[in-house]
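First comes the structure, then the notes that go with it.
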Amino acid sequence: MHPEAPPVAAAVICHAHPLHGGVMHFKVVFRAAKALQARGVTALRFNFRGVGRSEGAHDHGRGEQDDVRAALDEVERRFPALPVVLGGFSFGSSMALKVGVKEPRARALFALGFPLDMVEDLSFLEDCRKPRLFVQGSDDQFGSGERLRGIVARLPEPRSVVVIPKSDHFFTGRLDELQGALDSWLVTLPWTAA
């Protein structure tokens with residue numbers, strides 16, 4: 001999805017768990033892309049291996065990290081001069097963060113509905129100093145907003161967390177607030193942080 005004017009940055013957005021119906025057309029992923037597009041960022045949504053017309057089969061988070069890197073390769077090929085933002089929803093947020101904390105091309109990271117209860121080891125987040133945004137529903141069934149807030153508080157700056165009140169994992173009825181939280185972060189141009 002391209003902005004109307006020449007893009008100021010490029011983004012890759014990863015979708016929810018492939019074995020639980022996750023596709024690039026999920027409302028949360030689409031809303032994230034719309035927020036990026038509105039702020040001048042071109043956004044690439046893609047399907048993980050084995051989803052839609054993508055080849056391969058689900059690889060329990062290993063090969064999916066390669067899929068994220070392949071999407072970054074494509075963004076870099078198409079927009080070689082632009083800084084890159086990497087993020088995702090649910091399973092996609094964990095894949096984006098696992099790749100993004102070490103990937104030099106990713107200048108800023110975002111996690112929407114981070115599935116805390118499904119990620120056994122969070123140590124990969126401990127040394128990351130890239131700008132990171134976490135948006136979580138207060139009543140997320142895979143990790144409450146308060147629990148995530150506590151975890152994020154121990155991470156190095158720059159990082160921010162937004163907890164959407166009365167919201168579940170899918171931000172049901174709260175997509176406007178989700179999009180607004182991402183938009184507020186994008187206004188700060190996080191990809192420009194040193």
Side-chain angles (χ1 to χ4, degrees), residues 11-36 43 45 48 51 58 60-62 64-65 68 85-103 106 108-188 190 193:
V12 171
I13 310 170
C14 308
H15 67 72
H17 203 294
L19 299 184
H20 300 286
V23 294
M24 68 179 185
H25 302 296
F26 256 33
K27 289 179 184 178
V28 173
V29 174
F30 180 76
R31 286 295 198 99
K34 291 299 286 180
L36 289 155
R45 296 176 293 145
F48 283 117
V51 176
H58 180 65
H60 308 285
R62 293 176 299 271
E64 287 76 13
Q65 291 179 54
V68 175
V85 178
L86 175 59
F89 166 56
S90 192
F91 170 82
S93 71
S94 66
M95 294 298 99
L97 290 177
K98 285 181 178 184
V99 170
V101 297
K102 294 180 181 176
E103 174 58 61
L109 309 169
F110 65 89
L112 313 174
F114 187 70
L116 282 172
D117 295 348
M118 311 301 243
V119 181
E120 293 177 17
D121 181 7
L122 296 172
S123 64
F124 68 95
L125 295 171
E126 292 173 358
D127 295 324
C128 182
R129 287 181 164 64
K130 296 176 184 183
R132 286 145 294 144
L133 170 68
F134 295 83
V135 182
Q136 197 84 351
S138 62
D139 305 325
D140 190 313
Q141 53 269 45
F142 300 110
S144 73
E146 282 310 305
R147 183 168 165 235
L148 181 69
R149 191 187 305 274
I151 289 167
V152 172
R154 296 189 297 268
L155 299 178
E157 294 283 356
R159 77 310 194 242
S160 55
V161 62
V162 175
V163 176
I164 307 291
K166 299 179 183 172
S167 179
D168 63 12
H169 183 65
F170 297 96
F171 301 96
T172 305
R174 299 281 188 236
L175 290 169
D176 289 343
E177 290 96 324
L178 165 79
Q179 189 170 340
L182 185 54
D183 182 70
S184 295
W185 181 68
L186 293 168
V187 167
T188 69

Minimum heavy-atom distance [X]-[Y], with the two atoms named:
X	Y	result
L133	A181	CD2-O, 4.0 Å
A11	L36	CB-CD1, 3.8 Å
P131	A193	CG-CB, 3.6 Å

Is the shortest heavy-atom distance from the side chain of [X] to the side chain of [Y] under 4.5 Å?
X	Y	result
F30	M24	no
L182	V135	no
T172	S167	no
V68	F48	yes

Considering residues at least two apart in sequence or located in another chain, which fulfil the side-chain hydrogen bond (donor to acceptor under 3.5 Å, both in side chains) criterion with [X]?
X	result
D127	none
Q141	none
H169	S90, D140

Are any side-chain N or O atoms of [X] and backbone N or O atoms of [Y], one a donor and one an acceptor, separated by less than 3.5 Å?
X	Y	answer
R132	V101	no
Q136	G143	yes
E64	G61	yes
K98	Q65	no

Mind checking salt bridge (Lys or Arg N to Asp or Glu O under 4.0 Å) for D168 and listing every partner two or more places apart, or none if nothing turns up?
none

Applying salt bridge (Lys or Arg N to Asp or Glu O under 4.0 Å) to D183 and not counting sequence neighbours gives R39

Which pairs with one or both residues in residues 21-31 pass salt bridge (Lys or Arg N to Asp or Glu O under 4.0 Å), sequence neighbours excluded?
R31-D176

Could you note down all residue pairs passing salt bridge (Lys or Arg N to Asp or Glu O under 4.0 Å) where residues 152-167 supplies at least one of them, sequence neighbours left out?
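Only E157-R159 qualify under salt bridge (Lys or Arg N to Asp or Glu O under 4.0 Å).
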
For E177, all residues meeting side chain to side chain contact (heavy atoms under 4.5 Å, CB included), sequence neighbours excluded:
I164, R174

Just jot down the side chain to side chain contact (heavy atoms under 4.5 Å, CB included) partners of A33, sequence neighbours excluded, or say none.
M1, I13, A43, R45

Please list, one pair per line, the donor and acceptor atoms closer than 3.5 Å that link side chains of residues 109-125 to other protein atoms, with sequence neighbours excluded.
residue	atom	partner	partner atom	Å
D117	OD1	R147	NH1	2.4
D121	OD1	S123	N	2.9
D121	OD1	S123	OG	2.8
D121	OD2	S123	OG	3.1

Counterpart residues, ring-ring contact (aromatic ring centres under 6.0 Å, His included), relative to F134 (two or more places apart)
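Partners of F134 under the ring-ring contact (aromatic ring centres under 6.0 Å, His included) test: none.
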
Kindly state whether the ring of F89 and the ring of H15 have centres lying under 6.0 angstrom apart.
no

Run F142 and L148 through side chain to side chain contact (heavy atoms under 4.5 Å, CB included) and show every step you take.
CA-CA 10 Å; F142 300 110; L148 181 69; over 6 Å; no

At what distance, to the nearest 0.5 angstrom, does CG of L97 lie from NZ of K130?
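Reported to 0.5 Å precision, the distance equals 10.5 Å.
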
